[in-house]
Amino acid sequence: MPTFSRGTNSDDASFQEVCMNVRVRYAPSPTGLQHIGSVRTALFNYLYARATGGTFVLRIEDTDRERFSPDALDDIYDTFRWLGVSWDEGPDVGGPYGPYFQSQRADLYRAHAESLLSSGHAYRCYCTAERLADLREQQAQKKGEQGYDRRCRTLSDDERTRLENSGAPSVIRFRVPLEGSSVFEDTILGAVKRKNRDINPDPVLLKSDGFPTYHLANVVDDHLMEITHILRAQEWVPSASLHVLLYEAFGWSPPVFCHLPMVMGKDGKKLSKRHGSTSVVDFRTAGYLSDAVVNYIALLGWAFDDKTEFFTREELETKFSIERLNKSPAVFDYKKLEWFNGAYIRALSDTELVDAMIPFLEIAGLVTNPPSAEHREVLDGVAPLVKERLKLLSDAPEALRFLLSEIDPPSLEDLVPKKAGPKDALVALQEAEKLLDGFFDRTDEQNEERFREASERLEMKLGHLLMPVRAAVTGSSVSPPLFGSIRLLGEAKTRARISEAIDRLKEATE
RNA sequence: GGCCCCUUCGUCUAGCGGUUAGGACAGGAGAUUCUCAUUCUUCAAACAGGGGUUCGAUUCCCCUAGGGGCUACCA
């Protein structure tokens, strides 16, 4: 019979409240890519630890050996490195409560499960997967009682030894009390009460492969790791009652529960792939800044006051509090995230923006990484011009293509302004050719003045004079400011593109 | 089906008995502007319904409705 020492921390509630050192954890299971919803849970745990001067623990819940994936583990590290969220204890950094991989703690869970066996709080179950499947099927048709029928709960000693001797594989199930109810006080939800007979009937604690289920592992680890607050999504509320019973059975006092509102999709259902991107890498490759993502998801279920919406990571780390957490679910608004991202891009310095854009330009095949000196100069010059035009970093290739590679000839539609004819466009381009003389010796303001004068002289709107030039030079009717763009493109390319456009217009008008 | 949780503009939210119910995103209109953006101004938009408690309910309680979650040898 193992002894379960728990370090120095007393179980005295008042003692805990007065000088409790906050210890929180994020416990992902490496079975897939980090989901934006779970990451918000992680962030809240992290922020709570920082705000209280507590400790943030990363624990890998890899007890499902069938779904485990090493890629998913890498994704956990990558995701939080990108987000700038770090942990004080975890598999990679170590700590006094390790190991932090649950798969390396199997003996611990087994010992604890067995202690429950001998204290009568648990029992061995020999039901086969087939029987359980049949049972489920029958129950689905009758739509009455759900879950395990507790057959092995009342096995006689004879039957038990017979099954044991036959070598039949078994699991250990928790003996949920049939009577009474369990209550826990949730920081966000208040008192949550549940009759014991409504709790999942005798859930499996230890699987037949010797690994624990979530219920056992998380209770044992949270206790052994001296976790003081459990911040997790509200989908866990139903099983929290079970966990409370487990703590009782072990003779431990449970941590403070704090069930966070869920993150939903537009249709009000749990956020999933059909709503759009949900894994954090998706947001990263879609061109979001990690600061924007962190800022936005921090506001999903939490608000500091009635007006502040921009928070640096440092501000979040001091201002976050459980008291200001919301209880109702939040819909993930991609539009608002995009707005945040645009705002964060605008707040970048020119060189920061260039550095942020380079990977996206590289993927598009427009620059090397690092870029050539020539490209770097162009990028530095164009940064201030595109900064307020980008919502996503992935918009950069399209916006900058005309500066970094050859362009497809613009369509006649783009070349000829609305409410104008091809002849007008031709006139505009020919005029522009003339105005290009000395262009690079003048400032943008001076050039603009010259174009203005020309448009008056030609009795043409300035826009009608500039649009054909814009289309000819950038290949699009949408571009950064024209004069700055021409300056960055250089005289030779600008002239070549304009004269090419003139030729095409001439063909079209003949 | 059973159990649990939730309910302020379309969305994120402020509000913690007495407010013209505030802000932001999105949307509409306008101004600025070489396109697109940015920026600015402005408009529209909410307390789910019904009972209580109270001098007074968005706020406290109950019911109803609606929504969501859970109901695995997954977490």
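Labels below follow one simple rule: chain letters A, B, ... track the order of the sequence lines, proteins then strands, and each chain is numbered from 1. The analysis underlying the following values was restricted to heavy atoms, covering all of them including side chains, and did not include hydrogens, waters or symmetry mates. Given the structure is predicted, the values throughout are model-derived calculations rather than measurements.
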Exercise. Before giving the answer on side-chain hydrogen bond (donor to acceptor under 3.5 Å, both in side chains), spell out for Tyr109(A) and Asp221(A) the whole-Å C-alpha distance, their side-chain angles and the decisive distance to 0.1 Å.
Key: CA-CA 9 Å; Tyr109(A) 309 123; Asp221(A) 283 346; 2.5 Å; yes

Quiz prompt | Nearest-neighbour nucleotide for the Pro481(A) side chain, U11(B), G23(B), U35(B) considered | solution = U35(B)

Quiz item: Any idea which of U71(B), C73(B), C6(B) is nearest the Leu189(A) side chain?
Solution: C6(B)

Quiz item: Under 4.0 angstrom, heavy atoms only, what part of the nucleic acid is Pro201(A) near: base, sugar-phosphate, or nothing?
Solution: nothing

Quiz item: Which part of the nucleic acid, if any, lies within reach of Arg232(A) when heavy atoms closer than 4.0 Å are counted: base, sugar-phosphate only, or nothing?
Solution: nothing

Quiz prompt | Closest listed nucleotide, where the reference is the side chain of Gln146(A) and the choices are A75(B), U71(B), C25(B) | solution = U71(B)

Quiz item: Within the structure shown, what part of the strands sits under 4.0 Å from Gly301(A) by heavy-atom distance: base, sugar-phosphate, or nothing?
Solution: sugar-phosphate

Are there any protein N/O atoms within less than 3.5 Å of an N/O atom in nucleotides 61-68 of chain B, and if so, which ones and at what distance?
residue	atom	partner	partner atom	Å
G68(B)	OP1	Lys269(A)	NZ	2.5

Practice problem: Figure out the CZ/C1' separation between Arg346(A) and U39(B), and round it to whole Å. | Solution: 9 Å

Quiz item: Side chain of Arg470(A): nearest nucleotide among U35(B), C12(B), C73(B)?
Solution: U35(B)

Quiz item: If you look at every strand shown and take non-hydrogen atoms under 4.0 Å, does Asp306(A) touch a base, only sugar-phosphate, or nothing?
Solution: base

Quiz item: Are OP1 or OP2 of U71(B) and a side-chain N or O of Arg194(A) less than 4.0 angstrom apart?
Solution: no

Exercise. Look at all strands and tell whether Thr63(A) reaches a base, only sugar-phosphate, or nothing, counting heavy atoms closer than 4.0 Å.
Key: sugar-phosphate

Exercise. Would you please say whether a donor-acceptor pair under 3.5 Å links the side chains of Gln102(A) and Glu61(A)?
Key: yes

Exercise. Assign Ser479(A) to base, sugar-phosphate, or nothing according to its heavy-atom contacts below 4.0 angstrom with the strands shown.
Key: base

Quiz item: Across the strands shown, which category fits Lys193(A) at heavy-atom distances under 4.0 angstrom: base, sugar-phosphate, nothing?
Solution: sugar-phosphate

Quiz prompt | Val204(A) side-chain proximity, nearest of U71(B), U13(B), C73(B) | solution = C73(B)

Quiz item: Taking the side chain of Arg136(A) as heavy atoms from C-beta outward, which of G10(B), A72(B), C34(B) is closest to it?
Solution: A72(B)

Quiz item: Which one, A26(B), C36(B), G15(B), comes nearest to the side chain of Lys335(A)?
Solution: A26(B)

Quiz item: Counting any heavy atom closer than 4.0 Å, what does Ser477(A) reach on the DNA or RNA strands: base, sugar-phosphate only, or nothing?
Solution: base

Self-check item: OP1 or OP2 of C34(B) under 4.0 Å from side-chain N/O of Arg452(A)
Solution: yes

Practice problem: Check whether any side-chain N or O of Lys195(A) sits under 4.0 Å from OP1 or OP2 of C4(B), and answer yes or no. | Solution: no

Quiz item: Roughly how far apart are Phe483(A) CZ and Leu466(A) CG, rounded to 0.5 Å?
Solution: 5.0 Å

Quiz item: Quick one: is Lys207(A) getting a side-chain N or O under 4.0 Å of the A75(B) phosphate, OP1 or OP2?
Solution: yes

Exercise. Give one of base, sugar-phosphate or nothing for Asn218(A), where a contact means two heavy atoms less than 4.0 Å apart.
Key: nothing

Quiz item: With respect to the side chain of Thr213(A), which nucleotide from C36(B), A75(B), G15(B) is positioned closest?
Solution: A75(B)

Exercise. May I ask you to say what Pro212(A) touches in the nucleic acid, namely base, sugar-phosphate or nothing, with a heavy-atom cut-off under 4.0 Å?
Key: sugar-phosphate

Quiz item: In Watson-Crick or G-U wobble terms, both distances under 3.5 Å, what is the partner of A29(B)?
Solution: U41(B)

Self-check item: Val478(A) vs Lys336(A), nearer the 5' end of RNA chain B by closest nucleotide
Solution: Lys336(A)

Quiz item: What does Leu300(A) touch in the nucleic acid at a heavy-atom separation under 4.0 angstrom: a base, only the sugar-phosphate, or nothing?
Solution: sugar-phosphate

Practice problem: Look at the side chain of Ser208(A) against the base of C73(B) and say whether a donor-acceptor pair falls under 3.5 Å; ignore hydrogens and angles. | Solution: yes

Quiz item: Given C34(B), is OP1 or OP2 found less than 4.0 Å from the side-chain N or O atoms of Asn447(A)?
Solution: no

Exercise. Between Gly147(A) and Ile188(A), name the one whose nearest nucleotide on RNA chain B is closer to the 5' end.
Key: Ile188(A)

Quiz item: Parallel, tilted or perpendicular for Phe311(A) and Phe304(A), by the 30°/60° rule?
Solution: perpendicular

Quiz item: A75(B) P sits how many Å from Tyr26(A) OH, rounded?
Solution: 15 Å

